[in-house]
Amino acid sequence: QVQLVESGGGLVQPGGSLRLSCAASGSIFRLNTMGWYRQAPGKGRELVAITNGGGTNYADSVKGRFTVSRDNAKNTVYLQMNSLKPEDTAVYYCYATTRYAYWGQGTQVTVSS
């Protein structure tokens with residue numbers, strides 16, 4: 001079993017920045033994909049950014065503004081979010097895979113003036 005704990009969400013003004021972190025713990029043998037999804041009110045969960053041995057993948061809506069990175073020694077993945085827009089408001093979920101897929105509990109990001 002793998003546990004994912006997110007931190008770093010909050011309220012920020014349009015144009016601002018936030019950095020999300022997600023630390024994995026538990027029965028970790030090897031984490032393959034790690035990354036982030038989000039779910040806005042009334043919408044489905046969508047991919048934001050993921051990273052694995054093959055590289056990174058971003059949603060078109062965040063390309064050039066968000067950067068995903070990971071520290072394998074710490075089993076931690078980060079999401080640096082710059083130039084935030086009101087439409088980025090959502091609950092952001094950490095995601096990781098071993099043989100199975102795991103989700104964090106989510107952290108709220110609100111972009112508003």
- prompt: Yes or no on side chain to side chain contact (heavy atoms under 4.5 Å, CB included) for M81 and V48, after CA distance, side-chain angles and deciding distance?
  reply: CA-CA 11 Å; M81 304 185 292; V48 177; over 6 Å; no
query: Which heavy atom of G8 sits nearest a heavy atom of L18, and at what distance?
result: O-CD2, 3.8 Å
- prompt: Is L47 reachable from Y95 through a run of hydrophobic residues whose side-chain heavy atoms are each under 4.5 Å from the next?
  reply: yes
- request: Give the C-alpha distance, both sets of side-chain angles, the deciding distance and a yes or no for side chain to side chain contact (heavy atoms under 4.5 Å, CB included) between C94 and W103.
  value: CA-CA 6 Å; C94 180; W103 294 92; over 6 Å; no
task: Say whether V12 and V62 are linked into one hydrophobic cluster, either directly or through other cluster members, by side-chain heavy-atom distances under 4.5 angstrom.
output: yes
task: Determine yes or no for a side-chain-to-main-chain donor-acceptor pair under 3.5 angstrom, with Q108 supplying the side chain and G9 the backbone.
output: no
- request: Could you tell me the separation between the CG atom of N57 and the CG atom of N52, rounded to the nearest 0.5 Å?
  value: 9.0 Å
query: Between T97 (side chain) and T33 (backbone), is there a donor-acceptor pair under 3.5 Å?
result: yes
message: Main chain of T98, side chain of N32: is a donor-acceptor contact present, judged purely on distance under 3.5 Å?
response: yes
- prompt: How about L11 and S112: do any of their side-chain heavy atoms sit closer than 4.5 Å?
  reply: yes
task: To the nearest 0.5 Å, tell me how far R38 CZ sits from R45 CZ.
output: 13.0 Å
message: Minimum heavy-atom separation for S17 and S83, please, with both atom names.
response: OG-N, 4.4 Å
query: Would L20 and V109 satisfy side chain to side chain contact (heavy atoms under 4.5 Å, CB included), going step by step from the backbone distance to the final call?
result: CA-CA 9 Å; L20 305 183; V109 171; 4.1 Å; yes
Short side-chain to backbone donor-acceptor contact, E6 and G106, under 3.5 Å: yes
- prompt: Are Y78 and L4 grouped together when hydrophobic residues (ILVMFWY) are joined by side-chain heavy atoms under 4.5 angstrom apart?
  reply: no
Hydrophobic cluster membership, V111 vs Y93, 4.5 Å side-chain cutoff: no
task: Flag the pair Y100 / Q1 as yes when at least one side-chain heavy-atom distance between them is below 4.5 Å, and no otherwise.
output: no
- prompt: Under 3.5 Å, is there a donor-acceptor pair between the side chain of S113 and the main chain of Q13?
  reply: no
task: Using a strict 4.0 Å threshold on nitrogen-to-oxygen distance, state whether D88 and K85 make a salt bridge.
output: no
field: Nearest-0.5 Å distance, CE of residue M34 to CG of residue L79
entry: 12.0 Å
task: Please report the C-alpha distance between F66 and L84 in whole Å, then the side-chain angles of each, then the deciding distance to 0.1 Å, and finally whether the side chain to side chain contact (heavy atoms under 4.5 Å, CB included) criterion is met.
output: CA-CA 9 Å; F66 291 11; L84 282 160; 3.7 Å; yes
message: To the nearest 0.5 Å, what is the distance between OG1 on T67 and CZ on R19?
response: 10.5 Å
- line: When rounded to the nearest 0.5 Å, the distance separating OG of S21 from CD of Q80 is 9.5 Å
query: Are any non-hydrogen side-chain atoms of I50 and V68 less than 4.5 angstrom apart?
result: no
- prompt: Say you draw a straight line from OG1 of T76 to CG of L31; how long is it, rounded to the nearest 0.5 Å?
  reply: 9.5 Å
message: Under 4.5 Å between side-chain heavy atoms, counting indirect links through other Ile/Leu/Val/Met/Phe/Trp/Tyr residues: same cluster for V91 and Y37 or not?
response: yes
